[in-house]
Amino acid sequence: MIATALRRLLSARTVAALTLTLLLTAGTAACATTTASDVPRYAAATRGDPEFEQTFRHEFADIDGVRMHYVTGGSGTPVVLIHGWPQTWYGWWEIMPELAEQHTVYAVDLPGLGDSTGSPTGYDKATLARYIHTLIADRLGIRDARVVGHDFGAAVAFQYADQFPADTARLGYLDLPLPGPAIDAPTYRSMSWHIAFHSQRRVPEAVVGDDVREYLALFYPQVSFGGTAFGGTTDRSPFTEAEIDEYARTYSRPEVLTGGFELYRALEQDVRDTGAAPPTQVPALLMTAQGQLDPVRATVAPSMSNIVRAVDVPNAGHWLVEENPGFVTAELLRFLDR
């Protein structure tokens, strides 16, 4: 009864955060038969969360030299969720349970990031999309995926739809100017200090390498609602301490930190790939931070000919899921079920 009452009072995200915090700080219980040290690191964030354990599971698949990690659960039409930087599959956790009530959810760690191991042949978004397509369509046999991406994951989702339209039922594109005909790589790098910084060779690794968690904790508020990237002054983070710990856990691995920066270093190739591809006709949903709809739509319009709905997310900066999960979930469900 106590667990049921807590479930009613706390959101899935809060429960997951509390669970992870307890795992990281608590000692071994006297009556426990399994200790936190017995749990794989990739499962620490979800261990003991009844909503996860009843619905989702961690899986791995070897794809072209990369061991890809993904989390799956639910039933119904398939939805593939693709994260951006600096996040992992865990960035979708808050909205996954509700999506899973009507869909089979696949939240993927990009090749070389999160708990996926090994190095992909490239971090350009067309190459990463091919890895995910090999996993989803060829290995899992899913030929009608609804593919949703955020940040650089949105560019990967676009490439998935553009390269494999017959295997893509719908495209969800969340908050990223699309590198391509409307915005070249030098212009893209000029949009923010962090894009220019992360694009440099070796420099960001040298600066960030020993202080990954501190760097992430300082970065997240900058592109949140009211943050400095949007002309504000707030230093409020939409992430819990436990969530930052989970992201820092993976990005503290040197190869993963470098892989994250390689997403930025691939901008020239991303521009060429987008420009060379015909506009995708897959039905698309565009969601952006509040006030950013028109500038982002201007970058995607040349490459997406079938945007069926475009909205900005009220009271949200770049972290749409964390800052307004109810709105994002409602929009996704409405779009995915149309």
W89 side, atom CH2; H83 side, atom NE2 - distance, nearest 0.5 Å: 11.0 Å
Distance (rounded to the nearest 0.5 Å) between R272 CZ and D124 CG: 9.0 Å
Could you tell me whether [X] and [Y] have a side-chain N and a carboxylate O separated by less than 4.0 Å?
X: E246; Y: R41; answer: no
X: R189; Y: D184; answer: no
X: D273; Y: K125; answer: no

Test item: D144 and D167 side chains (from C-beta on) under 4.5 Å apart, heavy atoms: no
For [X] and [Y], indicate whether the former's side chain and the latter's backbone hold a donor-acceptor pair under 3.5 Å.
X: Y90; Y: T46; value: no
X: R143; Y: G141; value: no
X: D151; Y: G153; value: no
X: T187; Y: I183; value: no
X: H103; Y: T77; value: yes
X: T55; Y: F52; value: no

For R57, side chain to side chain contact (heavy atoms under 4.5 Å, CB included) partners two or more places apart: E59, T72
With T258 via side chain to side chain contact (heavy atoms under 4.5 Å, CB included) - residues at least two apart: E205, E262, R265
More than 12 heavy atoms of other groups within 6.0 Å of E255 CD: yes
Atom CD of E53 with >12 non-hydrogen neighbours under 6.0 angstrom: yes
Which heavy atom in [X] sits nearest to a heavy atom in [Y], and how many Å separate them?
X: L285; Y: M287; value: CD2-CE, 3.9 Å
X: V223; Y: A229; value: CG1-CB, 3.6 Å
X: P179; Y: Y188; value: CG-CE1, 3.6 Å

From W85, F158, Y264, residue fulfilling ring-ring contact (aromatic ring centres under 6.0 Å, His included) relative to F152: Y264
ring-ring contact (aromatic ring centres under 6.0 Å, His included), paired with W319, selected from F225, W92, F239, F230: F239
Check: H69 ring centroid to H58 ring centroid under 6.0 Å: yes
Full working for salt bridge (Lys or Arg N to Asp or Glu O under 4.0 Å) between D109 and R67: CA-CA 10 Å; D109 273 343; R67 188 172 189 245; over 6 Å; no
Stepwise side chain to side chain donor-acceptor pair (under 3.5 Å) check, Q222 with W193: CA-CA 11 Å; Q222 293 197 12; W193 70 269; 3.0 Å; yes
Derivation of the side chain to side chain donor-acceptor pair (under 3.5 Å) call for D175 and H150: CA-CA 6 Å; D175 206 55; H150 171 251; 4.9 Å; no
Short side-chain donor-acceptor distance under 3.5 Å, E243 and Q87: no
